[in-house]
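These notes concern the structure reproduced below.
All values below were derived from every heavy atom in this structure, side-chain atoms included, with hydrogens, water molecules and symmetry-related copies excluded. Order of the sequence lines sets the chain letters (A, B, ...), proteins ahead of strands, with each chain counted from 1.
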Protein chains: 2
Amino acid sequence: MSDLLERLRGRGWRMTAQRRVVAEVLAGDHVHLTADEVHARAVAKLPEISRATVYNTLGELVSLGEVLEVSTDKRAKRYDPNAHRPHHHLVCAQCGAIRDVHPTGNPMADLPDSERFGFTVSDVEVTYRGVCPNCAKA
Amino acid sequence: MSDLLERLRGRGWRMTAQRRVVAEVLAGDHVHLTADEVHARAVAKLPEISRATVYNTLGELVSLGEVLEVSTDKRAKRYDPNAHRPHHHLVCAQCGAIRDVHPTGNPMADLPDSERFGFTVSDVEVTYRGVCPNCAKA
DNA sequence: GGCTTGACTTGGACAAAGTCCAGGATAGGA
DNA sequence: TCCTATCCTGGACTTTGTCCAAGTCAAGCC
C-alpha cells in the first residue's frame, strides 16, 4: 500500500491529505467501489474532502495506471485497485456484485487479423454476467 | 426490417408512428447509436417525437431481445440492432468508433467452475480496445 | 365508417453521475 | 521561513436517464 504512495511520490505527485485518504480507501478491502462510495468512505476519514477532489484523484490514479475503471452496465463507473494483475470480471445481473476472475485462454489471440479492421488492438475486457448465489436463493 | 415490425406486432405491440420511426432509425445503417442520437434521427423523420418515447421504445426493444444494449466505457449506452447474431465489439479508445467482431474460441468455456463462485453464468461480453486507422493517422 | 378503451405519447420536472471553474489553501523546495 | 505552482473547495452546470399526470390514438367491435 505505502508502495503506492511511494510510486506516486516518485512520479511527482504532491502528497496531500486528500490523496492519501483516497488511496487508503481503495487499498482497504479489495472491492469495486463507485466514485460516490469512495467519496463516502473518504469523508469518514477526512470530513471536508470534496466530491470534485475524489473525482480528480480517481482520474489521476486511472491515467497513471494504478487503478482500473470498470464499466459494468450499471450507471456508475467502478474503480478497481487491482490494476497490476490482469483479470476479468463476473457480475451479478441482479445485485451488481462484482468478482475478479481469471479465465484460462487468451482472448487477445482469438481475434484474427481479418477481424481487426486496421485497428491497433491493445486491450481486452471480458465481462461474464450471471446470477450470484445470494440472488439465486431469493 | 419489416420483419421486425411484423414480429413486434405479433407480440401485441401497438404500431404507432413513433415506434415505427425508432425501428427505422435502428435498422438504417448498421451502427451503434446512443439514445440521444436515435432521438435526433427520429426527430428528423417525426419532429414531435419526445425523448421519453425514444427511451421507452429502446427499453422495450431491448427487453424483447430485438436490440442489444452495449456499454463501452463511454458515457452513454449504445444500442445495437444486430441482436440475432452473437458477436463482440472492438472500440476505438480515441474516437469511440465501434465495430462488430467475431473472435474465434468460446470465452464461456474459458471460465472454469472454480472461478465461478457459485454464480449461474449466462452471458459473456468481450470488448477489445485499441486505436482505429483514422485516429492512428492523426 | 364511427365508438370505445386501454395502451401509448408528451413535456416537464426530477435524479444521478460527472465536469468545470474562480478563488482560497498548502506541500515542498530555496 | 517564505514563495509559488499545484491542489482543493463548493457550487453551478451538463449529460444521461427516469417518472408522472394528462392528453392522444390504434385497433377491435359494431
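- Contact annotation: A/Gln18 side-chain N/O to C/dT26 OP1/OP2 distance is not under 4.0 Å.
- Summarising the geometry, the separation between OH on B/Tyr55 and P on D/dC20 is reported as 17 Å, rounded to the nearest angstrom.
- For B/Thr16 and C/dT9, the shortest distance from a side-chain N or O to OP1 or OP2 is below 4.0 Å.
- Put simply, CZ on B/Arg129 and CD on B/Gln94 are 13.5 Å apart, with the number rounded to the nearest 0.5 Å.
- When each of C/dG28, C/dG11, D/dA27 is scored by its nearest atom to the side-chain atoms of B/Arg9, the top-ranked nucleotide is D/dA27.
- Residue A/Arg75 places its side chain closer to D/dT18 than to any other of C/dG11, D/dC8, D/dT18.
- Under 4.0 Å is where a charged nitrogen must lie from a carboxylate oxygen, and between A/Glu66 and A/Arg11 at least one such pair does.
- Using modelled atom types and a 3.5 Å distance limit, the side chains of A/Asp100 and A/His32 yield a donor-acceptor pair.
- In terms of polar N and O atoms assigned as donor or acceptor, the side chain of A/Arg51 never comes within less than 3.5 Å of the base of D/dG10 in a complementary pairing.
- Projected onto DNA chain C by closest heavy-atom contact, A/Met15 and B/Val54 fall at different nucleotides, the more 5' of which corresponds to B/Val54.
- Following rounding to the nearest Å, B/Leu8 (CG) and C/dC8 (P) show an atom-to-atom distance of 12 Å.
- Between B/Tyr79 and B/Trp13, the one whose closest nucleotide on DNA chain D sits nearer the 5' end is B/Tyr79.
- If you measure from atom CD1 of B/Ile49 to atom C1' of C/dC8, you get 11 Å, rounded to the nearest angstrom.
- Both B/Ala52 and B/Gly12 sit near DNA chain C, but only B/Gly12 has its closest nucleotide nearer the 5' end.
- The shortest distance between the side-chain N/O atoms of B/Thr53 and the OP1/OP2 oxygens of C/dT10 is below 4.0 Å.
- Residue A/Arg14 places a side-chain atom within donor-acceptor reach of the base of C/dT26, judged by atom type and a 3.5 Å distance cut-off alone.
- Residue-to-nucleotide proximity on DNA chain D shows that, of A/Ala17 and B/Ala35, the 5′-proximal contact is made by A/Ala17.
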